[in-house]
Amino acid sequence: MEIIIKEVTNNQTLNDFVKFPYQLYKTNKYWVPPMIDEERSALVPEKNPAFEFCKVKLWVAYIDNKCVGRVGGIINSLWIEKKGEKIGRFTRPEFIDNKDVSAKLMETVENWLQSEGMVELQGPLGFSNLDHQGCLIEGHDWLPSVASDYHMDYFLEHFEALGYEKEIDWLEFRITFPDALPEKSFKVAEMLIKRYGLKPQNFKTSKEIEPYKAKVFELFNKAFAELFGTFQLPPKVINFYMKKYFPILNPRYVKIILDKEDEMAGFLIALPSLSKAMQKAKGKLLPFGWYHIMKALKNPTEMDLMLTGVKPELQRMGVAALLMNDLWKTAKEDGIKYVETTGMLENNHVAIQMWKSFDHIQHKRKRCFKKSLK
């Protein structure tokens with residue numbers, strides 16, 4: 001049984017790279033397929049501005065001309081500059097339950113990164129922390145949000161067998177909103193608003209959000225500056241993500257708080273859960289994928305908490321709690337009880353404290369692995 005590794009150099013190998021997960025997870029009821037066109041766009045320099053500061057190689061594994069795995073390697077110059085160390089990344093690993101296949105794929109990306117002078121590799125990590133990151137190691141019987149990832153439960157065993165160790169974990173939570181918030185939470189909210197001159201903003205139309213789009217990412221760069229895996233997103237990358245995410249947002253689920261100088265103090269972006277709709281769409285908008293997605297957007301039953309950011313100097317002042325209170329009000333109006341978070345770094349205690357006022361469980365865990373190349 002010969003395992004052939006091919007570098008992605010043409011449309012055929014790129015198609016195999018992008019479409020392999022649809023083959024791997026085709027009988028898995030928890031996997032949420034991404035849009036095929038979006039995945040392709042993220043992996044070509046003409047569409048993804050991250051290629052301006054990232055050197056990228058992708059590989060696909062075959063047995064008897066059948067695709068059995070994939071992996072990518074990324075050298076992110078902005079991440080290396082921030083860390084001051086030559087640390088490469090591996091990205092989008094997927095493979096059948098065959099340790100020879102996973103070993104061959106990881107050996108390939110390790111050898112390339114080592115030849116480029118990297119002394120360590122970490123992953124799974126994407127082009128930025130708004131891209132694919134982490135390997136699911138707990139919570140395989142839960143649907144992921146559209147901004148998260150699902151992996152086979154045998155991946156952990158494969159990585160550990162290859163000498164990979166834990167770098168850091170992301171935790172994901174499921175929140176159950178109560179029918180009513182305690183009176184104390186409203187009194188605290190009023191006190192915070194008066195003390196700091198805060199101004200909560202709620203929206204009904206996309207046009208109302210327009211003036212705040214760029215400011216959201218400005219604050220994102222500040223709020224996430226010290227967290228693992230993050231770096232200052234350049235303007236072109238910010239525009240890339242604005243075009244990707246803002247058109248599908250329901251403005252009622254975008255919450256913003258301004259400070260007394262009308263600068264952005266904090267933001268929260270949630271989205272009606274699209275996980276089941278994306279499963280029905282099967283990676284394509286046409287012919288019927290758009291219908292399932294629009295139906296989920298207009299008639300939500302659950303919600304995904306996509307992104308939250310607060311000014312660093314205000315992160316311990318209760319601004320996040322104000323944002324969550326506003327989200328609860330909207331969820332109550334729409335009859336939504338359950339909220340899924342995306343991954344939060346296990347050492348980001350300030351962010352994790354957001355859930356202390358709500359009934360919640362920590363039900364998923366994703367891991368970033370590391371391995372020395374010295």
Side-chain angles (χ1 to χ4, degrees), residues 14 17-19 21 32-54 56 58 72 74 76 78 91-92 124-134 144-150 203 205-221 223-224 229-256 267-275 277-279 281-286 289-290 292-294 296-298 300 303-309 340-343:
L14 180 58
F17 187 96
V18 170
K19 294 182 178 180
V32 174
M35 287 295 167
I36 293 173
D37 287 346
E38 282 191 4
E39 284 295 288
R40 281 183 61 91
S41 294
L43 297 172
V44 293
E46 308 86 71
K47 298 289 184 69
N48 188 348
F51 277 79
E52 293 185 7
F53 53 87
C54 289
V56 183
L58 309 172
I74 298 175
N76 184 321
L78 295 182
T91 191
R92 294 162 169 81
L125 292 169
F127 296 98
S128 74
N129 64 317
L130 293 178
D131 191 23
H132 299 270
Q133 61 179 11
S145 74
V146 292
S148 191
D149 289 305
Y150 187 91
F203 308 97
T205 68
S206 297
K207 186 177 181 180
E208 292 174 327
I209 299 175
E210 195 67 27
Y212 298 101
K213 286 164 57 174
K215 293 181 180 180
V216 163
F217 281 96
E218 287 176 17
L219 180 52
F220 171 86
N221 271 338
F224 287 72
T230 66
F231 52 90
Q232 295 292 295
L233 297 181
K236 286 184 180 179
V237 175
I238 288 174
N239 287 331
F240 175 79
Y241 286 119
M242 283 198 297
K243 290 177 181 177
K244 180 177 180 179
Y245 291 118
F246 273 89
I248 63 170
L249 292 181
N250 182 330
R252 295 176 64 251
Y253 298 158
V254 176
K255 307 299 178 182
I256 285 172
F267 69 85
L268 181 153
I269 298 175
L271 188 70
S273 176
L274 298 179
S275 297
M278 293 287 277
Q279 287 183 326
K282 298 179 180 178
K284 298 178 181 179
L285 280 176
L286 298 175
W290 65 271
H292 298 299
I293 292 170
M294 293 307 298
L297 287 171
K298 292 180 180 179
M303 185 187 296
D304 291 339
L305 185 54
M306 308 290 283
L307 202 60
T308 306
E340 290 276 334
T341 77
T342 49

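Worth knowing before you read on, the calculation uses all heavy atoms, side chains too, and leaves out hydrogens, waters and symmetry mates.
Here the closest non-hydrogen pair linking Asp149 and Gln133 is OD2-N, 3.5 Å. Across Gly309 and Ala223, no two heavy atoms sit closer than the pair CA-CB, 4.2 Å. Residues Met306 and Ala147 approach most closely at CE-CB, 3.6 Å, considering heavy atoms. Residues Ala296 and Ala277 approach most closely at CB-CB, 3.8 Å, considering heavy atoms.
Heavy-atom neighbours of Lys244 NZ from other residues, nucleotides or ligands within 6.0 Å: above the threshold of 12.
Contact check for Leu274 versus Ile293: side-chain heavy atoms found under the 4.5 Å cut-off. Counting heavy atoms from C-beta on, the side chains of Met278 and Met35 come closer than 4.5 Å. Considering only heavy atoms from C-beta on, Thr341 stays 4.5 Å or farther from Thr308 through its side chain. Here the side chains of Leu78 and Gln232 are not in contact, with every heavy-atom distance at 4.5 Å or above. Residues Arg92 and Asp131 form a side-chain contact, since some pair of their non-hydrogen atoms from C-beta on lies under 4.5 Å apart. Between Ile256 and Ile209 there is no side-chain heavy-atom pair separated by less than 4.5 Å. Within the 4.5 Å cutoff, the side chain of Asn221 has heavy atoms near those of the Ile238 side chain. Looking at Pro272 and Met303, their side chains never come closer than 4.5 Å, going by heavy atoms from C-beta outward.
In this structure, the separation between CG on Leu130 and CZ on Phe240 is 10.0 Å, given to the nearest 0.5 Å. In this structure, OG on Ser275 lies 7.5 Å from CD on Glu340, to the nearest 0.5 angstrom. A distance of 11.5 Å separates CG in Leu285 from NE2 in His292, rounded to the nearest 0.5 Å.
Annotation: ring-ring contact (aromatic ring centres under 6.0 Å, His included) contacts of Phe220 (sequence neighbours excluded): Phe224. Residues meeting the salt bridge (charged side-chain N to carboxylate O under 4.0 Å, His left out) test with Glu210, sequence neighbours left out: Lys213.
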Which atom pairs, one a donor and one an acceptor, fall under 3.5 Å between side chains of residues 42-50 and the rest of the protein, sequence neighbours left out?
from  : atom 1 : to    : atom 2 : distance (Å)
Asn48 : OD1    : Ala50 : N      : 3.0
Asn48 : ND2    : Ala42 : O      : 2.9

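Between Phe53 and Phe231, the ring planes lie perpendicular to each other; the angle is over 60°, past the 30° to 60° tilted range.
In this structure, Ser273 contributes its side chain and Asp304 its backbone to no donor-acceptor pair below 3.5 Å. With hydrogens and angles ignored, the 3.5 Å screen pairs no side-chain donor or acceptor of Lys236 with any backbone N or O of Leu233. Not a single donor-acceptor pair under 3.5 Å links the side chain of Thr91 to the backbone N or O of Gly72. A donor-acceptor contact shorter than 3.5 Å links the side chain of Asn76 to the backbone of Phe127.
No close placement of the Tyr212 and Phe267 rings is indicated, their centers lying 6.0 Å or farther apart.
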Go through the steps to decide whether His132 and Glu39 satisfy the test side chain to side chain contact (heavy atoms under 4.5 Å, CB included), and finish with yes or no. CA-CA 10 Å; His132 299 270; Glu39 284 295 288; 3.1 Å; yes

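When each of Ile248, Asn250, Leu307 is paired with Leu271, the side chain to side chain contact (heavy atoms under 4.5 Å, CB included) condition holds for Ile248 and for no other.
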